[in-house]
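Presented below is the structure to which this report refers.
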Amino acid sequence: MNKLLIANRGEIARRIMRTCREMGISTVAVFSEPDRLAPFVAEADEAVPLGGATPAESYLRMDAVIEAAQRTGADAVHPGYGFLAENAEFARRCAEAGLTFVGPTPEAIAAMGSKIEAKRRVADAGVPLLGSLEVGQQSAAELKKAADELGWPILVKASAGGGGRGMRIVRRGEDLAAAIQAAQGEAQSAFGDGTVFLEPYIESSRHVEIQIFGDTHGNVIHLFERECSIQRRHQKIVEESPSPALDETLRAKMGEAAVRAGKAIHYTNAGTVEFLLTDSGKFYFLEVNTRLQVEHPVTECITGLDLVRLQIEVARGLPLSQAALEARISGHAIEVRLYAEDPRRDFMPVTGRLHAFDIPALPGLRIESGVLGTSEVSPYYDSMLAKVIAHAPTRDEAAARLASALAKSRLHGLRTNRELLVRILRHPEFLAGQTDTHFLVRHKPADLGAPLAGEDATGLHAAAAALAAQAERRESTPVLRYVPSGWRNNVSQLQQARFTCDGREIVVGYRFQRTGLQLEIDGREIAAVRLAACTPTQVILEVAGVQRTFDVYRAGATSFVESSLGSTELVEIDPFPLPDEALEAGSLVAPLPGVVHEVKVSVGAEVAAGDVLLVIESMKMLHPVTAPAAGRVAELRVERAAQVDAGAVLAVIEETAAE
């Protein structure tokens, strides 16, 4: 294996390249048009354009990926995770083309690629299972009866793929048919396979997975567990190892069950066996992921192993190393997934350009990122910006280190889930190890995702933004540059700046006088204030005997301010705004950028409040657009497959007059 093509993008492509460089293996990247200038493309030794923008037009094109390998002389392919990683046909076609596939055999992928088939196979190996039913041609009544027998609530789950797509929790029989239809549609869109099945939904369970590894010499081992219970939309956002819920006895039982599952399908390379764990200590098989997992770094941290290196060695035909066979747990590791999304708006994905992306390099901290400080986040792919991992001797120390690094990060330009992650890591329930899949049900994401800086801190950040702005104006003026803006011989009115932050308006008044700075925030004078230094990018302010440094970054009307009090994004209100063009009454606008996945109505159709009119696909998720009130569809301004920007008018509804 001399040259490896990476059939993926973003942070996992960069992660694989890092190990390849250490092993002296050349790398080839493939890329779509939106990714042409992405960091992973620049870091590869060679790169081949696939064309297109959507995954179907680029990363899912098996023929184009294999042709890229042949054109560059690559002799192996690593699929990463997602896209073609669990596609048995792709693994088979790589072998037919003479390319080493860094992953399990096509037979193992096929056996485990269907969660339904996986359940059948591992049942014979004595692995505990939940009851389930594949959805086929059954009537609504038959499905309802089956759900009654399985036990409510019911989970509708896609047989293919993962990442929480194609999953719906159903608590009432009358909602089952609609949930099945929605899950089938999302699964078909994400994985090209709309097959779903039903199984009982276990309330307040934990999600614990076991890392397994097999080689071609008959060895199948496990490398301990990862706790992945804190999830949003059934997708993991916090992962750790070891799990606070497992003792040595339970760890051994779950590890043995995972190895039995691996041996049942003669598993080779990296894989993960996922389980639900109940409060009583019972565990049930969920699925096998036949690939490297997003959260593999926590296992690497606690074992000291490089799992990508192990993958490559096994693919070369080598037996598992002695270090892998004798692996032990050392310390504790926690990983969080940093997303471009808004937890305060139901985790709505966010797209656009970053202005700054800087996470402090602390001891024991590892950053796996797919972006740089000026990267563009597009609507075509998953919105994860980075994985941030902390490894420490104890769980408490790992959590504290990770929370501190996130809180001190400079993340400018896009809304992220940083605040939510920091609050999770500092939450008493998390620190007590009391995590389960309902953590974000008990604790509202809108509250956890609020700005870290409180109201008083936000006011001081607004003051720093106003003072930095006046310093910038002084620097750019052609005359009297070193005279403070707003200085007067005689007492005069305070200069004023108005900002919005998280829906709150903040008014800052300031005046430079012989005795120093006079400062007001929302009409309240700040006593004992002293301005120690002020530039367009940094303000040092002493308030009530405490001096703090405020770093300010401006992008247009937006100021990003950081201090020991937290981070704040402030938008300055233009005192003389231009009038906005009014939207036509009844206009429905796109809540986010994406592609129109489905149009469910036509012009002239009568709709009721809450009816789904269109579905937008963004970052591999489907987002319904519903009618706000009863009425008639007067206009449809988009069609299926159309690309739309956030705020674009999709349709116009003429509301029905109330009787």
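We number each residue from 1, following the sequence as shown. Quick caveat, the model's predicted, so the values are computed rather than measured.
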Task: Side chains of Gln293 and Glu209 in contact at under 4.5 Å (non-hydrogen atoms) - done: yes
- [ ] Report yes if some heavy atom in the side chain of Val422 is under 4.5 Å from a heavy atom in the side chain of Arg426; otherwise report no.
- [x] yes
- [ ] State whether Phe430 and Arg395 meet the cation-pi test: NZ (Lys) or CZ (Arg) under 6.0 Å from the six-membered ring centroid, and within 45° of the perpendicular axis.
- [x] yes
TODO: Using the six-membered ring of Tyr339, assess whether NZ or CZ of Arg232 lies under 6.0 Å from its centre and within 45 degrees of the ring axis.
DONE: yes
TODO: Take Arg206 and Glu227 through the salt bridge (Lys or Arg N to Asp or Glu O under 4.0 Å) test and state the conclusion after the steps.
DONE: CA-CA 8 Å; Arg206 291 177 181 258; Glu227 167 99 34; 3.2 Å; yes
Charged N to carboxylate O under 4.0 angstrom, [X] versus [Y]?
| X | Y | result |
| --- | --- | --- |
| Asp382 | Arg165 | yes |
| Arg226 | Glu335 | no |
| Glu300 | Arg15 | yes |
| Glu199 | Lys119 | yes |
| Lys387 | Glu295 | no |
| Glu419 | Arg344 | no |
| Asp436 | Arg442 | yes |
| Lys408 | Glu562 | no |
| Arg14 | Glu43 | yes |
| Lys236 | Glu239 | no |
| Arg401 | Glu397 | yes |

Donor-acceptor side-chain pairing of [X] and [Y] below 3.5 angstrom:
| X | Y | value |
| --- | --- | --- |
| Ser32 | Tyr381 | yes |
| Gln188 | Asp193 | no |
| Gln231 | Arg233 | no |
| Glu274 | His207 | yes |

TODO: Check Val644 against Ala590 and note the closest heavy-atom contact, atom names and distance.
DONE: CG2-CB, 4.1 Å
- [ ] Specify the closest pair of heavy atoms between Asp279 and Ser204, including all atoms of both residues, with the distance to one decimal.
- [x] OD1-O, 3.8 Å
Open item on the list: Ring-plane angle category for Tyr59 and Phe40, please: parallel below 30°, perpendicular beyond 60°, tilted otherwise.
Closed with: tilted
- [ ] Determine the interplanar angle of the Phe439 and His427 rings, folded into 0 to 90°, and report it as parallel if under 30°, tilted if 30 to 60°, perpendicular if over 60°.
- [x] perpendicular
Open item on the list: Tell me every residue that passes ring pair (Phe, Tyr, Trp, His ring centres under 6.0 Å) with His412, counting only those two or more places apart in sequence or in another chain.
Closed with: Tyr553, Phe560
Task: Euclidean distance, Leu421 CG relative to Leu425 CG, rounded to 0.5 Å - done: 6.5 Å
Show the atom names and distances, to 0.1 Å, of all donor-acceptor pairs under 3.5 Å that link a side chain in residues 563-570 to residues at least two apart or in another chain.
residue : atom : partner : partner atom : Å
Ser563  : OG   : His461  : NE2          : 2.7
Ser563  : OG   : Leu565  : N            : 3.0
Ser567  : OG   : Arg418  : NH2          : 3.4
Thr568  : OG1  : His461  : ND1          : 2.7

Open item on the list: I'd like to know whether Glu203 forms a salt bridge (Lys or Arg N to Asp or Glu O under 4.0 Å) with Arg171, so could you lay out the CA-CA distance, the side-chain angles of the two residues, the decisive distance to 0.1 Å, and finally the verdict.
Closed with: CA-CA 11 Å; Glu203 302 273 13; Arg171 301 185 182 278; 2.5 Å; yes
